[in-house]
Every structure is written in structure tokens, then in C-alpha cells.
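Heads up, the thing below is written out as C-alpha cells.
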Amino acid sequence: MLQLVCSGLKAGMGAAVEFAWCLHYIICRHDDNVLLLALGAVPALTSLLLDLASQIPQDAPEGLELLVCPVLRCLSNLLAQPGCQGQDGRLLIALFLILQCFLQQHPFLVQECLWLLNNLTADDPFFCSALLCLDLLPALLQLLTCSQMATVLVLTVLCNVAEKGQLQCQRLLQQPLLAQLLPLLTLPDPEAVGQCLELLHLLFLHCPEAAADFTRQGGHQALEQHQSTPELQERAQVLLDVVRQPPGAPSACQATLAASS
């Protein structure tokens, strides 16, 4: 089955799609995932996705998105397996090619790509660094307002990167990130706002000077509106305590954030 899926379009689009969904359902059961990993499923599916992405700009066959979707899901679920690694930076380029091609006509693929990107960056510094080094951050930030689920997933990926430390946070802040986070704090979705607060927490922890920049952009006002929201008020208050501290007090800032981590 893995061979038939990875033969891609050579076996015919219909057959490849059906077998890809079958493989997806098998992976979701978890019973055979160790065997699939031993059979080289991750590099095989990665190679297939690279091949499919390479066909997108010129002569993408009709219905290609129907094959891309289950292949993305298979990879996402396998990469979530403990100890699974697939360190191929080309996979990130393939993901963003797919996003660029299908964003308008098939927006459901945005969520699938972002789920895979989240699993790639969750515990792996390699993909976090590759995302920055390949200059893919601007393209990722463009998806922040694509949909409600896309907002949450993009913020989660950004948190994955920010968790890696000061250097990664500095790279994130080279983009107009704080300005883009401000309107997200006014969203009615508690999950999106919660992820936004978590990202701010990490940025302030590793780059205390970001708190002052956030305040200058009116960020404290955006935080104040969540002081009465039960599931958000504690995190919002911690960040408010940080942004209200006088300039030149980074140690106090970091102590406050570290205590709440």
C-alpha cells in the first residue's frame, strides 16, 4: 500500500488517492505505526510530497489536491509518533508551495499544511531554524487571518519557534510581529487569544525589550480587556504586570514571567 501511494500519479490519480486515505486510516489506529516507520514511511511520503509540490507551478494535474490532503495527514500523524524524525528542510519549501498554490481555490489545505508544520516544529529545533533560515516567516504570517483555525495554528507554530530561545525570538521580532498580534487580542475566540498571550509571554521572557515596544504600540490596552475573562485573566494579568514595569528593569520582567511559566 505504501508503494502504491508513493508511486503517486504513476498508478493513476484515483488509485493513489484511495490508497492514501486507506493508509491515513491505518495510521490513525496507531497499531501499525512502528512498522510503518520501520518501512521508511516518513522519508517515502516526504519524497512523494516533494514530487507533488514540484509539479504545482507548471502542470499540476486536475484533482491533485485530493491526493495532497491525505498525504499531508499521513505525514502529520506519523511525525507525532514519539522519537520520529524527518529532518529534510525541503519539506518546508514544499509545504509553502502547496499553500501558495491552493490557498484561494482549496483553502481546506491550509489547515492540513499548518497541522504538519506544527508537528514538524513542536519538538524539533531543526525545523524551527529552517523556517527562519529559509525566510518563510513572512509567508507564514500572511496566514494569520486566513481563518479561525489557521490563526490558532500559525500562533502555535510561532510559539514552537519562540520556545527555542532568545535567538529565535529576536528573529521573530525582526518582522512586524507585535503589530500583527495586537488585532488578534480583540478576537472573540478564546483559543486564539490564549495562544497570542502565550506567544507574548515567550517573547517577553526571552527578549524583555519587546515588552516596551508592545507598550508603545498600545498593547497594554489590548491586554486590559481580558482581565475579566475567566480563562484568560491570569495570563493577561501577568503580561500587564510586565509591561507596566519601568524601563530598564529586564531582570524583574524575566522574574515575573519565569514565575508564571
Side-chain angles (χ1 to χ4, degrees), residues 1-81 84-122 124 127 130-131 134 136 139-140 142-143 146-150 152-154 156-157:
M1 189 179 295
L2 184 61
Q3 287 178 338
L4 285 167
V5 172
C6 292
S7 66
L9 305 181
K10 296 175 185 175
M13 177 69 76
V17 170
E18 293 299 329
F19 280 114
W21 279 113
C22 288
L23 190 61
H24 164 63
Y25 295 132
I26 289 172
I27 292 170
C28 286
R29 288 171 48 226
H30 300 291
D31 296 342
D32 300 303
N33 288 359
V34 173
L35 175 59
L36 280 167
L37 291 175
L39 289 171
V42 168
L45 292 169
T46 297
S47 179
L48 172 60
L49 201 61
L50 293 174
D51 182 53
L52 295 177
S54 70
Q55 300 182 44
I56 287 174
Q58 290 85 25
D59 53 353
E62 185 178 354
L64 184 63
E65 71 282 355
L66 301 177
L67 178 57
V68 169
C69 182
V71 171
L72 288 168
R73 289 196 182 187
C74 287
L75 266 175
S76 291
N77 289 327
L78 284 174
L79 286 166
Q81 289 289 119
C84 178
Q85 290 185 330
Q87 294 187 343
D88 189 339
R90 296 176 301 166
L91 184 53
L92 293 181
I93 297 174
L95 280 178
F96 280 91
L97 280 173
I98 291 168
L99 283 165
Q100 184 179 20
C101 176
F102 293 124
L103 177 60
Q104 300 300 325
Q105 291 187 318
H106 306 292
F108 69 92
L109 281 178
V110 173
Q111 180 175 324
E112 304 295 340
C113 288
L114 289 174
W115 269 118
L116 177 52
L117 186 59
N118 174 51
N119 287 348
L120 287 171
T121 56
D124 196 333
F127 281 106
L131 185 68
L134 293 170
L136 296 172
L140 178 64
Q142 288 179 5
L143 302 173
C146 183
S147 69
Q148 182 174 332
M149 181 56 71
V152 173
L153 287 170
V154 171
T156 304
V157 171

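In this text, all values refer to a predicted model and were calculated from it rather than measured experimentally. Numbers here are sequence positions counted from 1.
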[atom1]/[X] to [atom2]/[Y] distance, rounded to the nearest 0.5 angstrom?
X      : Y      : atom1 : atom2 : answer
Leu64  : Cys69  : CG    : SG    : 11.5 Å
Leu79  : Thr121 : CG    : OG1   : 10.5 Å
Trp115 : Met149 : CH2   : CE    : 6.0 Å
Leu91  : Phe127 : CG    : CZ    : 5.5 Å

Listed partners of [X] passing side chain to side chain contact (heavy atoms under 4.5 Å, CB included), at least two apart:
X     : answer
Ala80 : Asn119
Glu18 : none
Leu50 : Thr46, Asp88, Arg90, Ala94
Ser47 : none

Side-chain heavy atoms of [X] within contact of [Y], under 4.5 Å:
X      : Y     : result
Leu109 : Leu99 : no
Ser54  : Asp51 : yes
Met13  : Leu66 : no

If you take all heavy atoms of [X] and [Y], which pair is closest and at what distance?
X     : Y      : answer
Ile98 : Cys113 : CG2-SG, 3.8 Å
Pro70 : Ala20  : CG-CB, 3.6 Å
Leu78 : Ala41  : CD1-CB, 3.8 Å

- Message: Holding to side-chain hydrogen bond (donor to acceptor under 3.5 Å, both in side chains), I want the full list of residues that pass it with Gln148, two or more places apart in sequence or in another chain.
- Response: Asp189

- Who pairs with Ser76 by side-chain hydrogen bond (donor to acceptor under 3.5 Å, both in side chains), at least two apart in sequence or on another chain? none

Identify each donor-acceptor pair in which a side-chain atom of residues 21-40 lies under 3.5 Å from a protein atom, sequence neighbours left out, and give them as a table.
residue	atom	partner	partner atom	Å
Arg29	NH2	Asp31	OD2	3.3
His30	NE2	Cys28	O	3.4
Asn33	ND2	Ile27	O	3.1
Asn33	ND2	Gln81	OE1	3.2

- If a pair satisfies salt bridge (Lys or Arg N to Asp or Glu O under 4.0 Å) and one of its residues is in residues 66-81, list it, with sequence neighbours excluded. Arg73-Glu112

- Query: Under the criterion side chain to side chain contact (heavy atoms under 4.5 Å, CB included), which of Leu143, Val152, Leu140 is the partner of Val157?
  - Reply: Leu140

- Item | Option among Leu72, Leu131, Leu114 that satisfies the side chain to side chain contact (heavy atoms under 4.5 Å, CB included) test with Leu95 | Leu72

- Task: Please assess Leu116 against Leu49 for the test side chain to side chain contact (heavy atoms under 4.5 Å, CB included), listing each intermediate value before the final yes or no.
- Result: CA-CA 12 Å; Leu116 177 52; Leu49 201 61; 4.2 Å; yes

